[in-house]
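Numbering of ligands and ligand atoms starts at 1, following listing order.
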Amino acid sequence: MPKDSLTITDNRTGQRYEVPIQDGTIRAMDLRQIKASADDLGLMSYDPAYMNTASCRSAVSYIDGDQGILRYRGYPIEQLAEQSTFLETAYLLLHGELPSASELDGWVYNITHHTILHENIKKFIDGFHHDAHPMGMFVSAVAALSTFYPAAKHIADETSRRDQIFRLIAKTPTLAAFAHRHSVGMPYAYPDNDLSYTGNFLNMMFKATEVKYQPNAVLARALDVLFILHADHEQNCSTSAMRSVGSSHADPYSAMAGAAAALYGPLHGGANEEVLRMLREIGSKENIPAYIQRVKNGEVRLMGFGHRIYKNYDPRARIIKRVADEVFDVTGRNPLLEIAGELERIALQDDYFISRKLYPNVDFYSGIIYQAMRFPVEMFPVLFAIGRTPGWLAQWQEMLLDKEQKIARPRQVYIGSPQRDYVSIEKRA
Ligand code: ACO
């Protein structure tokens with residue numbers, strides 16, 4: 001009779017142990033009973049970079065990396081990208097179900113009416129050097145918001161949590177646009193409540209002297225789809241940071257600043273920026289084979305390729321390619337697209353990439369679209385952060401409500417010196 005358990009024989013002692021298997025996992029704490037001697041702490045698992053460790057039970061998003069599947073709360077990403085809006089998807093991620101018409105109205109109203117920033121935030125952003133990276137400004141400004149909303153520290157209070165969720169989803173585009181306008185020396189443009197979430201973001205980014213900014217509907221929708229695609233991605237680096245900082249019961253602004261900082265890195269949300277730099281460096285299609293050779297020699301990585309989880313085509317990359325066509329109908333074709341397409345074609349036929357299951361990820365094409373929409377390269381990770389905000393918050397809230405969660409505190413395998421006595425400086429060799 002098959003049993004959902006694992007029998008372990010400790011060859012050091014000859015002892016046998018039986019540990020239960022649930023949802024394809026064993027509990028690491030069940031290994032603690034396995035001891036080589038009475039004073040042994042017990043067996044631990046060693047897993048640098050969490051390659052094979054589930055840190056939580058989550059109902060927010062689901063990925064099957066081999067099949068190239070991504071679902072939010074059970075809904076396929078393709079259907080949400082096609083039929084939903086970013087704010088509706090944000091509601092879904094945070095509440096677990098799609099909203100009714102009146103729930104959606106209330107949700108959109110509340111987010112629309114929390115977009116304004118305290119005027120002092122402008123002074124805070126003014127303090128940055130003119131060439132400060134917008135992501136650096138964004139990370140700091142999200143952290144600074146915590147000082148404006150001291151009630152945010154009441155993380156066990158559902159009403160407080162809800163208010164901070166409204167504020168964070170509402171204010172991230174305003175912060176992002178203010179960071180951009182500071183970089184380019186333009187006056188800050190205030191939110192326009194007549195516009196959609198992404199229409200208003202385009203307004204705050206690009207409004208110049210016109211009395212009323214009219215966002216292009218195709219571009220606003222394309223941005224909405226891109227935000228949907230970025231909204232959650234289970235336990236990625238930045239989401240783990242959000243949960244980890246939040247597990248100490250820090251307020252959500254501080255936790256989200258930590259998440260955004262994790263996203264900044266070139267191996268995560270900074271990759272879309274790196275893709276653009278790489279495509280510019282390659283410059284023309286003739287230079288692609290030489291560049292691929294450098295990748296294979298281990299000199300450089302093909303940015304926008306590869307993923308810890310997807311060992312198949314990233315489903316988001318497929319949707320993005322379609323969005324790109326719609327955007328380029330409005331903006332004209334980005335010449336870098338040809339290089340990207342050819343790079344993808346050559347890489348996908350090359351044994352180096354095939355054998356390592358390296359496919360384009362979400363960042364391979366997103367940057368080309370953002371650039372065509374006139375977003376500066378430095379804004380790309382910030383755009384990613386706006387899209388990921390509902391996912392971070394949904395995961396943060398799930399963590400807080402999960403009775404099994406405690407402060408995140410991994411163990412280590414100590415490999416340093418054994419105990420030794422302090423040597424005074426004159427006696428050191
Ligand atoms: N270019 C060239 N080779 C690569 C790449 C790449 N982009 N990615 C992985 N490889 C190779 C590695 O050199 C390694 O080869 P080896 O077995 O001969 O040593 C093998 O593929 C496995 O790579 P790992 O680094 O072990 O894979 P890991 O899961 O740790 O890394 C990561 C995943 C960080 C995304 C990696 O693929 C990468 O650096 N990609 C480029 C950056 C990027 O696009 N990041 C965005 C990820 S998506 C996101 O965050 C939204």
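The ring of F201 has its center no closer than 6.0 angstrom to the ring center of F86.
The side-chain tip of R356 points at the ring of Y352 from less than 6.0 angstrom away and within 45° of straight on.
Of the N and O atoms on the side chains of Q67 and N312, not one donor lies less than 3.5 Å from an acceptor on the other residue.
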Donor-acceptor contacts under 3.5 Å from residues 135-142 side chains, at least two apart:
unit_1: S140; atom_1: OG; unit_2: G136; atom_2: O; d: 2.7

Distance-only donor-acceptor pairs under 3.5 Å for side chains of residues 300-310, two or more places apart:
unit_1: H307; atom_1: ND1; unit_2: I309; atom_2: N; d: 3.0
unit_1: H307; atom_1: ND1; unit_2: Y310; atom_2: N; d: 3.3
unit_1: R308; atom_1: NH1; unit_2: A49; atom_2: O; d: 3.4
unit_1: Y310; atom_1: OH; unit_2: H233; atom_2: NE2; d: 2.7

One pair per line, please: each N/O atom of ligand 1 matched with every protein N/O atom under 3.5 Å away, atom names first, then the distance to 0.1 Å.
unit_1: ligand 1; atom_1: 1 (N); unit_2: L302; atom_2: N; d: 2.9
unit_1: ligand 1; atom_1: 3 (N); unit_2: Y352; atom_2: OH; d: 3.0
unit_1: ligand 1; atom_1: 7 (N); unit_2: L302; atom_2: O; d: 2.7
unit_1: ligand 1; atom_1: 7 (N); unit_2: F305; atom_2: O; d: 3.0
unit_1: ligand 1; atom_1: 13 (O); unit_2: R301; atom_2: NH2; d: 3.4
unit_1: ligand 1; atom_1: 15 (O); unit_2: R356; atom_2: NE; d: 3.1
unit_1: ligand 1; atom_1: 18 (O); unit_2: R356; atom_2: NE; d: 3.1
unit_1: ligand 1; atom_1: 18 (O); unit_2: R356; atom_2: NH2; d: 2.9
unit_1: ligand 1; atom_1: 25 (O); unit_2: R301; atom_2: NH1; d: 3.2
unit_1: ligand 1; atom_1: 25 (O); unit_2: R301; atom_2: NH2; d: 2.9
unit_1: ligand 1; atom_1: 29 (O); unit_2: R308; atom_2: NE; d: 2.8
unit_1: ligand 1; atom_1: 30 (O); unit_2: R308; atom_2: NH2; d: 2.9
unit_1: ligand 1; atom_1: 39 (O); unit_2: R301; atom_2: NH1; d: 2.7
unit_1: ligand 1; atom_1: 40 (N); unit_2: F305; atom_2: O; d: 3.0
unit_1: ligand 1; atom_1: 44 (O); unit_2: G304; atom_2: N; d: 2.8
unit_1: ligand 1; atom_1: 44 (O); unit_2: N361; atom_2: ND2; d: 3.0
unit_1: ligand 1; atom_1: 45 (N); unit_2: L267; atom_2: O; d: 3.2
unit_1: ligand 1; atom_1: 50 (O); unit_2: H268; atom_2: ND1; d: 2.9

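Residues satisfying the ring pair (Phe, Tyr, Trp, His ring centres under 6.0 Å) criterion with Y291, sequence neighbours excluded, are absent altogether.
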